[in-house]
Protein chains: 2
Amino acid sequence: MSRSNPRVLSTLERAGGFASAQEVYRLMQREGESIGLTTIYRSLQSLVNDKIVDVLRRDDGEAIYRLCGEAHHHHLVCKSCGDTVEIEGGAIEKWAKVMAEEHGFRDIGHTAEIFGLCAKC
Amino acid sequence: MSRSNPRVLSTLERAGGFASAQEVYRLMQREGESIGLTTIYRSLQSLVNDKIVDVLRRDDGEAIYRLCGEAHHHHLVCKSCGDTVEIEGGAIEKWAKVMAEEHGFRDIGHTAEIFGLCAKC
DNA sequence: AACGGGAATGAAAATCATTTTCATTTGTGA
DNA sequence: TCACAAATGAAAATGATTTTCATTCCCGTT
């Protein structure tokens, strides 16, 4: 397995902690860094595995990566401008737990995301 | 502009109101219907414009279409054997609504999925 | 210093969903 | 029948992502 190239993470930070692999690539090129797209994809993949970054999807299906500082949270994403709000998911945790128990599942995790149009759009 | 081919909508219904363009295509082929992928994409696009179907994204980025107004459900997936259970998500609907209002979002939708180990695994 | 093996790298090719192009077919009204 | 707009679909184009594979880099060992 390959580990993440540190310049990728630092670029993602500089990008405002929110960019697609292609954007990270273009950014690094513009800054004169010499790196291949493949390495960027691998690095981002590895950062996702290590839960250092989160991955979401744009409306067009392109994957976007963002730094994921805190513990466990969910996202409220504007499908027009991509603006994202981190929200509490206490209700979800409970729901997931109840549903899992009800069907004999254990060792559970979950994903939940809300999308819509933000006030500005 | 092209209008939707009615067989596409009827197939989407038969698919349980939830499928990707590629899946609709395969389904129609299996049923002996003669239709091109292009027409399916165009029909689904048009159905989305007319707000007759909704479009979401799978984790892998593939677009999935579902009938609007269809009572949607969530999934409880075993990460070992892949077994899937459809579950109710009343709590989620409420949570999504509250969170959206709280942040001024409208026209919202959501995704939620629970994964873990099923009783057999 | 030379050697060896595993990890990292990236160019190029392969994949795959989706879109575009464009020539053909179909339907409809004059 | 004629003409023209809409519908259709095969094939090519696009664009993100993944895979392949040969090369380079790193590091500890002789």
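Below, chains carry the letters A, B, ... as their sequence lines are ordered, and counting in each starts from 1. From a predicted model like this one, the values you see are computed outputs, not experimental measurements.
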Worksheet item: Cut-off 3.5 Å, side chains only: do B/Tyr41 and B/Gln45 have a donor facing an acceptor?
Response: no

Worksheet item: Just by modelled atom types, is the B/Ile35 backbone N or O under 3.5 Å from a matching donor or acceptor in the B/Thr39 side chain?
Response: no

Discussion item. Restricting to side-chain hydrogen bond (donor to acceptor under 3.5 Å, both in side chains), what partner residues turn up for A/Arg26, sequence neighbours left out?
Written reply: none

Worksheet item: Given C/dT9, is OP1 or OP2 found less than 4.0 Å from the side-chain N or O atoms of A/Thr38?
Response: no

Discussion item. I'd like to know if A/Ser20 reaches the base of D/dA16 with its side chain, counting only an N/O donor and acceptor under 3.5 Å.
Written reply: no

Worksheet item: With sequence neighbours left out, which residue pairs that include part of residues 52-62 of chain B fulfil the side chain to side chain donor-acceptor pair (under 3.5 Å) condition?
Response: B/Ser20-B/Glu62, B/Glu23-B/Arg58, B/Asp54-B/Arg66, B/Arg58-B/Glu62

Discussion item. Counting only side-chain nitrogens and oxygens, does A/Asn5 get under 4.0 Å of the OP1 or OP2 atom of C/dA8?
Written reply: no

Fill in: Rounded distance (Å) that lies between atom C1' of D/dT19 and atom CD1 of A/Ile40
17 Å

Worksheet entry | Between D/dG9 (C1') and B/Arg7 (CZ): distance, integer Å | 12 Å

Fill in: Those residues that, when tested against A/Ala96, pass side chain to side chain contact (heavy atoms under 4.5 Å, CB included) (two or more places apart)
A/Ile108, A/His110, B/Ile114

Discussion item. My understanding is that only residues two or more places apart in sequence, or in another chain, count here; which of them pass side chain to side chain contact (heavy atoms under 4.5 Å, CB included) with A/Phe115?
Written reply: A/Lys79, B/Leu56, B/Thr111

Discussion item. Just to be sure I understand the geometry, which residues of residues 25-35 of chain B put a non-hydrogen atom under 4.0 Å away from DNA chain C?
Written reply: none

Discussion item. Please enumerate all residues that pass side chain to side chain contact (heavy atoms under 4.5 Å, CB included) together with A/Val98, with sequence neighbours excluded.
Written reply: A/Glu102

Item to complete: Calculate the interatomic distance between A/Gln45 atom CD and C/dG10 atom C1'; express it in whole Å.
Response: 17 Å

Response to the item:
Rounded to whole Å, CG of B/Leu44 lies from P of D/dA7 at a distance of 15 Å

Discussion item. Output the rounded distance in Å from CG (B/Leu37) to C1' (C/dA17).
Written reply: 9 Å

Item to complete: Round to a whole Å and report the spacing from OH of B/Tyr41 to C1' of C/dT18.
Response: 5 Å

Discussion item. Just the rounded figure in Å: distance from P of D/dT17 to CG of B/Asp60.
Written reply: 11 Å

Practice prompt. Write down the distance between CZ (A/Arg3) and C1' (D/dC25), rounded to a whole number of angstrom.
Written response: 14 Å

